[in-house]
Amino acid sequence: MMCLIRDYHLPYEFPENVLEEANRISDKIAKKDIPNRVDLRDKLIFTIDGEDAKDLDDAVCVEILENGNYKLGVHIADVSYYVEEGSNLDKEAYLRGTSVYMLDRVIPMLPQKLSNGICSLNAGEDRFTLSVEMEINSVGQVVDADVFKGIINVTRRMSYTNVTKILENSDEAVIEEYKEYIGEFKKMEELAKILEKRRGVAGSLDLDVPESKITLDENGKAINVGKYELTFANSIIEQFMLTANETIAEKFYWLEAPFIYRVHEVPDLEKVSELNKFLYDFGYKIKGNKENIHPKEFSKVLEEIKGKPEEKVISTLILRTLKVAKYESENKGHFGIASKFYCHFTSPIRRYPDLWIHRVISKYLRQGYEVKEEWKEEYFKTAEKASEQSSEREKVAQKVERDSIDLKKAEYMQDKIGEIYDGIISSVTNFGIFVELENTVEGLIRFENLGENEYFIYDDMHKHLIGERTNKIYKLGDKIKVQVIEADKLTRKIAFQRVEEEKEEF
């Protein structure tokens, strides 16, 4: 892990002047600022995160209004209150751009004093927030929204696991512990399902590509690899955060404010054509032309393949066809979630764009939405620079995170040499095939390890390998039995060889 940190020149430690600045910040909120905020400390507000999360930057509250609509409150840690523009903390956060998660450690964007302390929405403690309350109707439309500076006191810290147990009525002890709040979680479930349905109708892409869950022992060694199981509790928070991000982005777009948007552009027509050549073999097609490729067309295919053997492979190929999301100062919409307006507002502890737009929002709130043109012009320029820097740092973070996962997977497989597994062909190249196991581990079978004593021809159009002598075809999505022959955590590579299927004798 330290090699990865050095390879990518990650800032592993904070400079002394940054730590000194953080240490000067009080552990308690400033009472003098409370009268300037909307006091929500009497409301039932919850954080819902993974069990091991330490930086809690979002909390939620759902109420039902007299007209039958829902009132969704999304309360985000007011990090910009503590990290002032141009401060040492701000400059360091800008350079880092994002927190980096490496399984056994986190390289945070902000020092722990802030990220796990005064900026973290810890249960039972007064915290300053930048909040958005949205009125949402029965079909999931936001009909009204209010953005303001708040003060909250989180009622309970919840985990995805326990909220799932409550909603599924599957654990008597958990239900007993939280019995007075069960109605709150049921309201959240109702609203999340409404929002999810609206997104489905709009064409939001539900790419079911499972993430890896890697379990480490007390020494940081990988002892298990499997799929990370998402529950509806995860979906509740996802739907609420997406809605808050869209609402904030649209509001400040129409204000013509300098802003940082999360942009996901329409995929290239050439890539969609390539994808269609592959989909043709399975009887699917993405319809559209250069002027009009709609996410709904991708969404239809994803819906059709649910539960089918080809689901994993097609989902992965669709993901590769789409462009990479990035930060930009110009709003260009978000193709993947079928949204015209989108930004990152909900994680200012770990993402710089969120912190940056919090400053813009705070400025508009302070000045009653009357800001000078000179200020706007200056901020339009810094929005471009911050967007570019944040996009670059995000790329680095994603590479490091992927490499750390690959490293731990290889470490896990080192004592599995010789073992045999069932897998599925996840990629076909001109030097071999990649096979993914049920537990998300992926390895390469080179031509010489396909066991055919054969010369293979690579068909790029259909992503096939064809044996010149036997006409044996290997294609994406095929099931295959493999044996582990190599696993090296230093190179992060795993190698397989094909195992002949045993023929039944009659």
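This is a predicted model, so every value here is computed, not measured.
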In a table with atom names and distances, give each donor-acceptor pair under 3.5 Å that connects a side chain of residues 47-58 to protein atoms at least two apart or in another chain.
residue: Glu51; atom: OE2; partner: Thr161; partner atom: OG1; Å: 2.7
residue: Asp55; atom: OD2; partner: Tyr101; partner atom: OH; Å: 3.4

Quick check on Lys306: does its NZ atom have over 12 non-hydrogen neighbours (other residues, nucleotides or ligands) under 6.0 Å away? yes
Establish, yes or no, whether a centroid distance under 6.0 Å links the rings of Tyr352 and Tyr327. no
Modelled atom types, side-chain donor and acceptor of Glu454 and Thr470, under 3.5 Å: yes
Hey, is the main chain of Phe345 close enough, under 3.5 Å, to the side chain of Asn245 for a donor-acceptor pair? yes
Please confirm whether the backbone N or O of Lys296 pairs with a side-chain atom of His294, one donor and one acceptor, at under 3.5 Å? yes
Which residues share a side chain to side chain contact (heavy atoms under 4.5 Å, CB included) with Lys287, sequence neighbours left out: Glu297
Can the ring centroids of Phe259 and Tyr261 be said to lie less than 6.0 angstrom from one another? yes
Residue pairs, two or more places apart or on separate chains, that pass ring pair (Phe, Tyr, Trp, His ring centres under 6.0 Å) and touch residues 187-225: none
Using the salt bridge (Lys or Arg N to Asp or Glu O under 4.0 Å) rule, collect all pairs that involve residues 220-244, keeping only residues at least two apart or in two chains. Lys227-Glu438
Identify whether NZ of Lys or CZ of Arg in Lys472 sits under 6.0 Å from the centre of the six-membered ring of Tyr474 and within 45° of that ring's axis. yes
If the condition is side chain to side chain contact (heavy atoms under 4.5 Å, CB included), which residues does Lys277 pass it with, not counting sequence neighbours? Glu274, Met461
Does Tyr284 have any ring pair (Phe, Tyr, Trp, His ring centres under 6.0 Å) partners at least two apart in sequence or in another chain, and if so, which? none
Looking only at side chains, do Arg199 and Gln239 share a donor and an acceptor under 3.5 Å apart? yes
Please work out which of the three classes, parallel, tilted or perpendicular, describes the rings of His344 and Tyr342, given edges at 30° and 60°. perpendicular
Residues 336-357 vs salt bridge (Lys or Arg N to Asp or Glu O under 4.0 Å), sequence neighbours excluded, gives Arg351-Asp354
Mind checking ring pair (Phe, Tyr, Trp, His ring centres under 6.0 Å) for His75 and listing every partner two or more places apart, or none if nothing turns up? none
Side-chain H-bond candidate by donor/acceptor type, Glu419 with Tyr421, under 3.5 Å: yes
Salt bridge (Lys or Arg N to Asp or Glu O under 4.0 Å) contacts touching residues 421-432 (sequence neighbours left out): Asp422-Lys481
By side chain to side chain contact (heavy atoms under 4.5 Å, CB included), Lys186 pairs with (sequence neighbours left out) Leu167, Ile182, Glu189
Are any side-chain N or O atoms of Glu311 and backbone N or O atoms of Gly307, one a donor and one an acceptor, separated by less than 3.5 Å? yes
Salt bridge (Lys or Arg N to Asp or Glu O under 4.0 Å) partner of Glu394, chosen from Arg96, Lys399, Arg262: Arg262
Partners of Lys113 by side chain to side chain donor-acceptor pair (under 3.5 Å), sequence neighbours excluded? none
Under the side chain to side chain contact (heavy atoms under 4.5 Å, CB included) test, which residues partner Leu216, sequence neighbours left out? Leu103, Asp104, Ile214, Ala222, Lys408
Donor-acceptor check, side chain of Lys409 to backbone of Thr440, threshold 3.5 angstrom: yes or no? yes
For the pair Phe431 and Tyr458, evaluate ring pair (Phe, Tyr, Trp, His ring centres under 6.0 Å) and give the outcome as yes or no after the intermediate values. CA-CA 9 Å; Phe431 54 84; Tyr458 174 56; 8.9 Å; no
Cation-pi between Lys416 and Tyr412: NZ/CZ under 6.0 Å from ring centre and within 45° of the ring axis? yes
Within a 6.0 Å radius of atom NZ on Lys187, are there more than 12 heavy atoms belonging to other residues, nucleotides or ligands? yes
